[in-house]
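Here it is: the structure, laid out below.
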Amino acid sequence: MARAKQARQVPQMTLRQFEAAFPHEEACKTFLQGKRWPNGVHCPRCGNTAVFPMKAMPFKWQCYECEKIKGAGYRFSVTVGTIFENSNKPLLDWFRIIHMILTSKKGISSLQVHRVMGYGSYETSLYMCNKIRSALMEKQPEKLGGVVEVDETFIGGKYKNKHWDKRGPSDPPPGGKGKGYHSTGPVASGKIPVAGAVSRKGKVIARVLENIRAEAIVKFVTEAVSDKVSLLCTDQFKAYKQLDGIYPRKSVNHAEGEYVVGAVHTNTIEGFWSIFKRGVVGTFHKISKKNLPLYVAEFQFRYNNRFNDDVFGTAIEGC
């Protein structure tokens with residue numbers, strides 16, 4: 001019996017291909033128009049398809065239907081309602097940064113974007129990168145099915161590496177483990193918990209959590225994972241016991257050196273954590289709790305579109 005072919009990661013658009021596809025601003029606007037309105041331009045306010053292009057101003061249209069509805073006509077451009085709207089940077093710059101983010105497996109820092117693009121301030125590149133990351137967030141991801149693995153990780157530095165003026169009175173003493181968070185709530189090490197679920201050979205859903213109490217874990221899993229999965233794989237963290245009766249759950253005991261028992265393991269989600277943490281440590285070095293969901297969304301988008309032959313177009317659609 002012939003073996004089924006395993007899906008392989010699709011190569012990203014190369015720099016040469018990008019430059020050939022987007023040599024100037026007009027090419028970027030044409031591409032954006034096609035992704036936004038594949039069936040023809042329509043008014044973003046009222047949905048009217050009978051809009052009129054403005055000859056003197058390319059990529060701008062006039063809707064006279066809005067004049068009947070709201071008492072005034074509505075003039076709009078190709079960037080209206082996108083992250084590019086009201087930006088003083090050309091669309092080509094935005095496209096270049098999106099391409100850099102998508103082709104960097106472990107991410108690209110805003111400081112590196114600042115160096116490459118030659119902007120006057122670092123804040124400009126940070127603002128643009130975070131806007132792009134926010135656009136890469138999946139608004140309503142489909143629940144995962146099949147064999148699903150669930151695990152949690154913690155993002156943050158070690159206590160011993162904290163500067164003395166960053167250590168609070170409730171921090172663990174020197175030598176204390178301070179892994180991150182206990183089931184009863186955050187411990188003083190200040191690490192941030194992130195929960196993840198992945199369908200084998202499929203997609204991943206990851207979320208930043210306030211804590212990893214049982215109710216937070218159950219809420220995340222029930223929102224991310226279908227109740228019709230064939231198997232749910234976890235480790236022996238006691239919060240996962242609350243999922244018994246909801247899912248067909250099996251676990252491995254990492255504390256005793258048990259990592260694979262037949263089809264039961266969490267290697268896939270741990271592989272995703274490995275890529276994400278290498279990005280945190282090697283590329284970004286430091287991520288604030290406020291912006292951590294944006295970086296999680298970036299890595300999730302790249303992972304979920306690894307078989308997508310038009311990942312750049314998908315990213316533009318989200319913008």
Side-chain angles (χ1 to χ4, degrees), residues 9-32 35 79 82-137 155-158 161-163 166 192 194 206 208 272-306 308 310-319:
Q9 188 168 345
V10 176
Q12 291 274 7
M13 179 168 52
T14 66
L15 179 60
R16 181 169 294 181
Q17 289 170 333
F18 175 85
E19 291 176 343
F22 306 108
H24 43 65
E25 191 76 358
E26 183 178 350
C28 297
K29 290 182 177 179
T30 301
F31 186 81
L32 178 60
K35 287 297 178 181
T79 60
T82 70
I83 64 171
F84 317 121
E85 185 178 9
N86 298 325
S87 172
N88 60 1
K89 296 300 180 185
L91 196 57
L92 182 56
D93 279 16
W94 285 95
F95 275 32
R96 282 172 175 160
I97 296 174
I98 292 172
H99 181 256
M100 282 191 280
I101 289 175
L102 295 180
T103 53
S104 303
K105 184 176 182 180
K106 299 172 187 175
I108 185 167
S109 69
S110 301
L111 186 59
Q112 181 64 17
V113 171
H114 168 66
R115 294 191 189 105
V116 172
M117 301 302 293
Y119 293 141
S121 69
Y122 162 75
E123 285 71 21
T124 300
S125 60
L126 178 62
Y127 169 80
M128 295 175 73
C129 287
N130 281 347
K131 289 285 283 186
I132 293 167
R133 292 181 183 113
S134 68
L136 298 181
M137 283 185 169
I155 304 300
K158 296 179 180 179
N161 293 333
K162 276 190 177 182
H163 195 269
K166 303 294 184 185
I192 308 167
V194 184
V208 177
F272 175 76
W273 294 143
S274 177
I275 297 171
F276 179 61
K277 287 188 173 183
R278 278 168 171 76
V280 173
V281 174
T283 302
F284 305 114
H285 306 306
K286 180 181 178 181
I287 299 176
S288 68
K289 182 178 180 180
K290 175 185 175 182
N291 289 329
L292 182 57
L294 299 178
Y295 291 85
V296 172
E298 175 190 335
F299 280 79
Q300 177 179 304
F301 181 88
R302 272 199 300 267
Y303 185 91
N304 289 346
N305 286 276
R306 63 196 186 280
N308 185 353
D310 187 24
V311 58
F312 185 84
T314 302
I316 295 300
E317 288 174 2
C319 292

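Just so it is clear, the values below take in all heavy atoms, side chains as well, and ignore hydrogens, waters and symmetry mates. Everything quoted here is computed from the prediction, not taken from an experiment.
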Check your understanding: Among pairs that include at least one residue of residues 123-135, which meet salt bridge (Lys or Arg N to Asp or Glu O under 4.0 Å), considering only residues two or more places apart or in two chains?
Key -> Arg133-Glu298

Point to revise | Output field: ring centroids Phe299/Tyr295 closer than 6.0 Å | key: no

Point to revise | Rounded distance (nearest 0.5 Å) linking atom CZ of Phe312 with atom CD of Gln17 | key: 12.0 Å

Point to revise | Taking every non-hydrogen atom, the tightest pair across Ser121 and Thr124 | key: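 Scanning both residues, the minimum pair turns out to be OG-OG1, 2.9 Å.
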
**Study point:** Glu26, CD: over 12 other non-hydrogen atoms inside 6.0 angstrom
**Key:**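 For Glu26, atom CD is not crowded (no more than 12 foreign heavy atoms under 6.0 Å).
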
**Study point:** Candidate pair Phe284 and Leu111, rule side chain to side chain contact (heavy atoms under 4.5 Å, CB included), full reasoning
**Key:** CA-CA 9 Å; Phe284 305 114; Leu111 186 59; over 6 Å; no

Check your understanding: Going by atom types only, do Thr79 and Thr82 share a side-chain donor-acceptor pair under 3.5 Å?
Key ->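 Looking only at side-chain atoms, Thr82 and Thr79 do not form any donor-acceptor pair under 3.5 Å.
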
Point to revise | Any donor-acceptor pair under 3.5 Å from His285 side chain to Ser109 backbone | key: no

Point to revise | Euclidean distance, Met137 CE relative to Ile132 CD1, rounded to 0.5 Å | key: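 The CD1 atom of Ile132 sits 13.5 Å away from the CE atom of Met137.
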
Study note, to complete from the structure: Taken to the nearest 0.5 Å, the spacing of Ile155 CD1 from Ile287 CD1 works out to 7.0 Å

Review point. CZ of Arg278: more than 12 outside heavy atoms within 6.0 angstrom?
Key: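 No - once you tally the heavy atoms of other residues, nucleotides and ligands closer than 6.0 Å, there are 12 at most.
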
Exercise for review: For atom NZ of Lys35, decide whether the heavy atoms of other residues, nucleotides or ligands shown that lie under 6.0 angstrom number more than 12.
Suggested key: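 For Lys35, atom NZ is crowded (more than 12 foreign heavy atoms under 6.0 Å).
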
Review point. Between Val113 and Met128, is a side chain to side chain contact (heavy atoms under 4.5 Å, CB included) present by the stated rule, with each step listed?
Key: CA-CA 10 Å; Val113 171; Met128 295 175 73; over 6 Å; no

Exercise for review: Output yes when a side-chain donor or acceptor of Asn305 lies under 3.5 Å from a complementary backbone atom of Asn308, and no otherwise.
Suggested key: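 No: the side chain of Asn305 does not pair with the backbone of Asn308.
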
Check your understanding: Can you check side chain to side chain contact (heavy atoms under 4.5 Å, CB included) on Val194 and Val296, steps first, answer last?
Key -> CA-CA 9 Å; Val194 184; Val296 172; 4.3 Å; yes

Check your understanding: Under 3.5 Å, is there a donor-acceptor pair between the side chain of Arg302 and the main chain of Lys106?
Key -> no

Side-chain donor-acceptor distances from residues 86-93 under 3.5 Å, at least two apart:
residue, atom, partner, partner atom, Å
Ser87, OG, Lys89, N, 3.1
Ser87, OG, Trp94, NE1, 3.0
Asp93, OD2, Tyr119, OH, 2.9

Check your understanding: Closest heavy-atom contact between Ala27 and Ala21?
Key -> CB-O, 3.8 Å

Check your understanding: Can you say whether the rings of Phe276 and Phe272 are parallel (under 30°), tilted (30 to 60°) or perpendicular (over 60°)?
Key ->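 It falls in the parallel class, under 30°.
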
